[in-house]
A.B. asks: 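This is the structure I want to talk about, given as structure tokens.
Just so it is clear, the model here is predicted, and its values are computed rather than measured.
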Amino acid sequence: MFPTRMTLGLMKGKLKGAQQGHSLLKRKSEALTKRFRDITQRIDDSKRKMGRVMQTAAFSLAEVQYATGDNIAYQVQESVNKARFQVRAKQENVSGVYLPTFESHINEEINDFKLTGLGRGGQQVQKAKAVYTKAVETLVELASLQTAFIILDEVIKVTNRRVNAIEHVIIPKTENTISYINSELDELDREEFYRLKKVQEKKQEAAAQAEIEEKEKHEAAAAAAAADVADAADSAESDDTKKLNTSEQPEEADVEKAVESLDIKSDDENILQETEDDVIF
């Protein structure tokens with residue numbers, strides 16, 4: 001799982017849903033457990049009542065057989081055409097669990113064996129009929145309670161397993177995941193802060209280096225300009241010196257020419273002098 005902000009939000013939503021589900025399931029389990037205990041108590045009472053009713057019914061059947069003879073069961077079966085005792089089923093919702101409930105209904109209009117035992121033992125037959133009707137009603141009630149008991153027992157087990165799974169597995173796992181994501185996000189924030197800090201330091205160093213290079217460029221440009229000015233001055237001075245040299249050279253040539261002319265004149269004078277001497281001698 002990637003530690004991102006979106007994942008953190010999803011896990012927080014999952015944790016909130018798990019906590020709400022745990023609370024609902026816990027209350028459902030408590031309601032079902034309360035109903036389960038009530039049904040258990042009613043089953044115990046119904047079984048005790050069933051024991052007493054069946055005991056009375058057994059004595060009533062013995063009295064009927066003693067009064068009418070052993071063929072009373074055949075007479076009853078032959079005289080009955082429709083069911084006088086009927087059972088109706090419905091469902092009861094208990095915290096989302098549908099429990100079947102059986103209700104007994106007696107149709108007073110149907111009384112097929114009302115003449116049974118008319119010859120003898122009629123009172124015992126009617127008494128046995130009433131007692132067995134009560135016994136069947138108790139039996140239907142006990143069957144309804146027993147069915148609800150079995151269903152509630154299974155549902156409570158499943159609900160408790162879910163509650164325990166959410167409480168001891170899902171919620172701790174989700175909390176650990178959230179803690180891991182938070183730690184990773186904190187670490188990423190620290191890394192990002194350090195990275196930004198280093199980037200800012202690099203930018204400051206680059207700006208300082210650029211400033212130094214710009215300063216060096218300006219200094220180099222100034223030095224180059226100064227050197228150009230010096231070179232220009234030197235070239236101008238050399239040009240002046242050359243001009244002076246060229247102006248002095250004609251004068252030296254004139255001087256040399258004058259000296260040569262003087263030498264020629266002196267030589268001429270000597271020659272003339274010698275000739276005069278020769279003439280004299």
A.B. asks: Can you tell me how far apart CD1 (Ile39) and CG (Asp44) are? Round to the nearest 0.5 Å.
C.D. replies: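 That separation rounds to 13.5 Å.
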A.B. asks: Should Leu142 and Leu99 be regarded as members of a common hydrophobic cluster, given that ILVMFWY residues are connected when their side-chain heavy atoms come within less than 4.5 Å of each other, either directly or indirectly?
C.D. replies: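 Yes, one cluster joins them.
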A.B. asks: In Å, rounded to the nearest 0.5 Å, how long is the span from OH of Tyr132 to NZ of Lys127?
C.D. replies: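 Separation between the atoms: 12.5 Å.
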A.B. asks: Test side-chain contact (heavy atoms from CB on, under 4.5 Å) on Leu8 and Thr4 and set out the steps.
C.D. replies: CA-CA 6 Å; Leu8 180 62; Thr4 59; over 6 Å; no
A.B. asks: Please confirm whether the backbone N or O of Pro172 pairs with a side-chain atom of Asn176, one donor and one acceptor, at under 3.5 Å?
C.D. replies: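 Present.
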A.B. asks: Same hydrophobic cluster for Met54 and Leu145, using side-chain heavy-atom links shorter than 4.5 Å among ILVMFWY?
C.D. replies: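 No, separate clusters.
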A.B. asks: Once you round to the nearest 0.5 Å, how far does CD of Glu167 lie from NZ of Lys26?
C.D. replies: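 Glu167 CD to Lys26 NZ: 6.0 Å, rounded to 0.5 Å.
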A.B. asks: Rounded to the nearest 0.5 Å, how far does NZ of Lys28 lie from OG1 of Thr159?
C.D. replies: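 It comes to 4.5 Å.
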A.B. asks: If you round to the nearest 0.5 Å, how far is NZ of Lys203 from CG of Leu196?
C.D. replies: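 Answer rounded to 0.5 Å: 9.0 Å.
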A.B. asks: Are Glu201 and Lys198 close enough for a salt bridge, meaning some N to O gap below 4.0 Å?
C.D. replies: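 Yes, Glu201 and Lys198 are salt-bridged.
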A.B. asks: Between Ile170 and Ala18, what is the shortest heavy-atom contact and its length?
C.D. replies: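 Reported closest heavy-atom pair: CG2-CB, 4.1 Å.
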A.B. asks: Do Phe102 and Ile106 belong together in a cluster built from hydrophobic side chains that touch within less than 4.5 Å?
C.D. replies: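 Looking at the clustering, Ile106 is in the same group as Phe102.
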A.B. asks: With a 4.5 Å limit on heavy-atom distance, are the side chains of Lys34 and Glu30 in contact?
C.D. replies: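 SC-SC contact between Lys34 and Glu30 ruled out.
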A.B. asks: When clusters are formed by joining ILVMFWY residues with side-chain heavy atoms under 4.5 Å apart, either directly or through shared neighbours, do Ile171 and Tyr180 land in the same one?
C.D. replies: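 In one cluster with Ile171: Tyr180, yes.
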A.B. asks: Is Glu192 close to Leu188 at the side-chain level, that is, under 4.5 Å between some pair of heavy atoms?
C.D. replies: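 Result no, sub-4.5 Å side-chain heavy-atom pair not found.
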A.B. asks: Could you walk me through whether Leu152 and Arg35 pass the side-chain contact (heavy atoms from CB on, under 4.5 Å) test, one step at a time?
C.D. replies: CA-CA 8 Å; Leu152 280 179; Arg35 184 61 181 269; 3.9 Å; yes
A.B. asks: Using a cut-off of 6.0 Å, state whether more than 12 heavy atoms not belonging to Glu211 lie near its atom CD.
C.D. replies: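 Result for CD/Glu211: open.
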A.B. asks: Are the side chain of Ser29 and the backbone N or O of Leu25 linked by a donor-acceptor pair below 3.5 Å?
C.D. replies: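 No, the answer is negative, given that no donor and acceptor are paired below the 3.5 Å cut-off.
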A.B. asks: Using modelled atom types and a 3.5 Å cut-off, is there a donor and acceptor pairing between side-chain atoms of Ser144 and backbone atoms of Val140?
C.D. replies: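 No; zero donor-acceptor contacts below 3.5 Å.
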A.B. asks: Do Asp45 and Lys49 meet the salt-bridge criterion of a basic N to acidic O distance under 4.0 Å?
C.D. replies: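 A salt bridge is absent here (no side-chain N lies under 4.0 Å from a carboxylate O).
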A.B. asks: For Asp38, what residues pass the salt bridge (charged side-chain N to carboxylate O under 4.0 Å, His left out) criterion, not counting sequence neighbours?
C.D. replies: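 Here no residue qualifies.
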A.B. asks: State plainly whether one hydrophobic cluster holds both Val94 and Ile151, where clusters connect Ile, Leu, Val, Met, Phe, Trp and Tyr through side-chain heavy atoms under 4.5 angstrom apart.
C.D. replies: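 Hydrophobic grouping puts Val94 with Ile151.
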A.B. asks: Got a donor-acceptor contact below 3.5 angstrom from the Ser23 side chain to the Gln19 backbone?
C.D. replies: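 No; zero donor-acceptor contacts below 3.5 Å.
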A.B. asks: Sub-3.5 Å donor-acceptor pair from the side chain of Ser179 to the main-chain atoms of Glu175, do we have one?
C.D. replies: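 Yes, because the side chain of Ser179 sits within donor-acceptor range (under 3.5 Å) of the backbone of Glu175.
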A.B. asks: For Asp189, is there an ion pair with Arg5 - N to carboxylate O distance below 4.0 angstrom?
C.D. replies: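 Asp189 and Arg5: salt-bridged.
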A.B. asks: Roughly how far, to the nearest 0.5 Å, is the CD atom of Glu216 from the CD atom of Gln209?
C.D. replies: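 So the CD of Gln209 and the CD of Glu216 are separated by 7.5 Å.
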A.B. asks: State, yes or no, whether a side-chain contact exists between Arg37 and Gln41 at a heavy-atom distance under 4.5 Å.
C.D. replies: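 The answer is no, as the side chains (C-beta and beyond) never meet within the 4.5 Å cut-off.
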A.B. asks: One thing to verify: whether Glu154 and Lys157 come together as a salt bridge, which I'm taking to mean a side-chain N less than 4.0 angstrom from a carboxylate O.
C.D. replies: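 No, this pair does not count.
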